[in-house]
2 protein chains.
Amino acid sequence: MNERRMKILELVNTEQRLTVVQLAAAMNVSQVTIRKDLDYLESRGLLRREHGAAVLDNSDDIQGRMAINYAGKLEIARAAAALVTGGETVMIESGSCCALLAEELAAAQRGITVLTNSVFIAEHLRRFPETRVILLGGEYQNQSQVLVGPLVRQNAEAFFVDKLFLGTDGFAPATGFSGKDLLRTEAVQAMARRAEKTIILTESHKFKRQGVVAQFAVTDVHTVVTDSGIPPNTSAQLRQNGVNLHIVETAIEPHGAARKEEETP
Amino acid sequence: MNERRMKILELVNTEQRLTVVQLAAAMNVSQVTIRKDLDYLESRGLLRREHGAAVLDNSDDIQGRMAINYAGKLEIARAAAALVTGGETVMIESGSCCALLAEELAAAQRGITVLTNSVFIAEHLRRFPETRVILLGGEYQNQSQVLVGPLVRQNAEAFFVDKLFLGTDGFAPATGFSGKDLLRTEAVQAMARRAEKTIILTESHKFKRQGVVAQFAVTDVHTVVTDSGIPPNTSAQLRQNGVNLHIVETAIEPHGAARKEEETP
DNA sequence: GGATTTAAGTTTCATTCGAAATTCAATACG
DNA sequence: CGTATTGAATTTCGAATGAAACTTAAATCC
């Protein structure tokens, strides 16, 4: 994934739809080159193609979310991947940053085993046969492609790992991290009980949101990986509570105004 | 899915690759019509498109297998679907007939709940939000998209249902039904212990094969749904052992000679 | 230092493509 | 009974496409 392709992705995400001619002009390359870029991006599920144009994959699931601020998410995922040693077994919950983390780990071929309740991640890692995946069973949540319910907890109890990676939907100084969906939140809490360290991967704008379900108190979290948009008082609070904070510098910080609201599915 | 589309599918499966021009000539319709048919079939994952042509999806997974003798499999799946009552909870294991059965049940919107260890089926049913899916967790088998191992057994024990639907890889009069893969076979046996009736869906040519793992004795099987190609002595044997035999008449029986070997993934 | 390979991008062209307007037949409606 | 209405298929046409041959630049090798 090169520079230009990232830029195309960002452009398509702001404009919803761009023709091959428009993109070729904007990037100063031939239409053939743009077409090849679009073919690649489509094969990765990051956008859809129409005859003569690229269209934002506007679906409400992880696949669609992954395309939004892809570059930023990738930075976060890479920073998190550096925390994992070869041969390790990790738990990963759903969320677009987490999906990219899983992909990074699998692509690096370091003999990782992934425990997850995300069907999306399991399918996403299918093209990396070297990486073992164990799916924690449960009731299938159609839209988020995540498994929830008592089975997840029961399955998680068969394991104990060092690290759980997860996303979040919001944060408030008083209450800590929060989620949007009760069942998903319960599932990830059950997973956290079977992991030594709870590691949150999230874009910084989530620190300005709040979900409706209490997820984790600050003191329950071992590490947070986010981008430089995190409010200074929040980062101070996290550090004071002993949270390891990894802040990645994102090249282009997305300017949330005109863009579609983004939330972890 | 109309007549012509079925026929196109069969043709592409025997020829590997056919151009839009060839298909239009063969079907006596315009190229535009063929293109629309191909768009539809591609959207269902039953073939791939190239510029100006349709190509057999030659992958070794369920998606690829489903295209082979689609019409025959659909007949079997529909006959099996008739055995299920509204609101029922059923177990379904993997296999291409079973995937079609799951789809039939979900499309009929009868408030079915599906328990399965097949990630493919779970994803396949995603577009039917009305159908509940519970995935039995376990280790993810990359190619077959099935979950196996001790977790599957443990998860299955949380349930008890009336019917388990599954495929098979072979049959021999002396030993009964057989599978190709030990782990998958163990998983389906564990599921069978939690179901009142074991129902096998299989194309008849499997009765002329044999797998390497003992799967089920004839007396363990409650019902078999297959097509009219089943050898007469086999059907007699099954009936003598109290197996309910449903035989569907397939319009065109595939002539296995020049075709790619087909096996349940 | 020069030759060779590799990768990324471009130009060109015959072919295929999607969109829209049109035909035709079956079904529904008042 | 006549008239909408719908759905499937067709015709037409300018635009988009993939394939192949070509250019350029960087990396590799002897």
Side-chain angles (χ1 to χ4, degrees), chain A residues 1-59 67 70-71 74 103-104 107-109 127 251-252, chain B residues 1-59 67 70-71 74 107-109 127 251-252:
Chain A
M1 172 86 70
N2 64 29
E3 190 72 29
R4 188 184 57 238
R5 288 174 176 178
M6 297 262 200
K7 207 164 164 188
I8 291 174
L9 200 47
E10 288 303 321
L11 274 182
V12 173
N13 266 285
T14 52
E15 299 292 328
Q16 307 285 326
R17 184 179 202 279
L18 281 169
T19 66
V20 171
V21 176
Q22 288 174 314
L23 283 167
M27 299 285 133
N28 262 313
V29 292
S30 74
Q31 297 179 29
V32 175
T33 301
I34 294 292
R35 281 207 295 270
K36 283 177 183 165
D37 289 342
L38 296 185
D39 284 347
Y40 171 80
L41 291 168
E42 183 178 45
S43 79
R44 297 290 309 273
L46 296 168
L47 50 75
R48 274 184 312 112
R49 290 211 60 183
E50 289 179 1
H51 205 69
V55 192
L56 169 57
D57 181 0
N58 226 337
S59 63
Y70 181 86
L74 189 58
E103 187 178 344
E104 286 293 312
Q109 303 213 10
R127 57 196 167 102
I252 346 113
Chain B
M1 171 85 71
N2 64 30
E3 191 73 28
R4 189 184 56 239
R5 288 175 176 178
M6 297 262 200
K7 208 164 163 188
I8 290 173
L9 200 46
E10 289 302 321
L11 274 181
V12 173
N13 266 284
T14 53
E15 299 292 326
Q16 309 284 325
R17 183 178 202 279
L18 281 169
T19 66
V20 172
V21 176
Q22 289 174 314
L23 282 166
M27 300 284 133
N28 261 314
V29 292
S30 73
Q31 296 180 28
V32 175
T33 302
I34 293 293
R35 281 207 294 268
K36 282 178 183 165
D37 289 341
L38 297 185
D39 285 348
Y40 171 80
L41 291 169
E42 183 177 44
S43 80
R44 296 289 309 274
L46 296 168
L47 49 74
R48 273 184 312 112
R49 290 209 60 181
E50 289 179 0
H51 204 67
V55 192
L56 170 58
D57 181 1
N58 226 336
S59 64
Y70 182 86
L74 189 59
Q109 303 214 9
R127 57 196 167 103
I252 347 115

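Since this is a predicted model, take the numbers as computed values, not measurements. A note on names: the letters A, B, ... follow the listed sequences, proteins ahead of strands, and every chain is numbered from 1.
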> Nearest-Å distance, CD (A:Glu42) to C1' (D:dA16)?
Replying inline: 14 Å

>> List the residues meeting side-chain contact (heavy atoms from CB on, under 4.5 Å) with B:Arg35, not counting sequence neighbours, and say none if there are none.
In response: B:Val20, B:Gln31, B:Val32, B:Arg49

>> Taking the side chain as everything from C-beta on, heavy atoms only, tell me whether B:Met27 gets closer than 4.5 Å to B:Asp37.
In response: no

>> Are A:Arg4 and A:Thr33 packed together at the side-chain level, in the sense that at least one heavy-atom pair is separated by less than 4.5 angstrom?
In response: yes

>> How would you summarise protein contacts on nucleotides 6-11 of chain D per nucleotide, using B for base, S for sugar-phosphate only and - for none, with heavy-atom distances below 4.0 Å?
In response: ---SBB

> In whole angstroms, how far is the P atom of C:dT16 from the NE2 atom of B:His51?
Replying inline: 7 Å

>> Reading DNA chain D from 5' onward, which residue's closest nucleotide shows up sooner: A:Val21 or B:Glu50?
In response: A:Val21

> Rounding to a whole Å, what distance do you find between B:Leu38:CG and D:dT17:P?
Replying inline: 18 Å

>> With a 4.0 Å cutoff (strictly under), does any side-chain N or O of A:Arg49 reach OP1 or OP2 of D:dA16?
In response: no

> According to a strict under-4.0 Å criterion, is B:Arg35 in side-chain N/O contact with OP1 or OP2 of C:dG18?
Replying inline: yes

> Which residues pass the salt bridge (Lys or Arg N to Asp or Glu O under 4.0 Å) test with A:Glu104, sequence neighbours left out?
Replying inline: A:Arg78

> How about B:Glu50: does its CD atom have over 12 heavy atoms from other parts shown lying under 6.0 Å from it?
Replying inline: yes

> Looking at side-chain heavy atoms only, is the closest gap between B:Thr19 and B:Arg17 below 4.5 Å?
Replying inline: yes

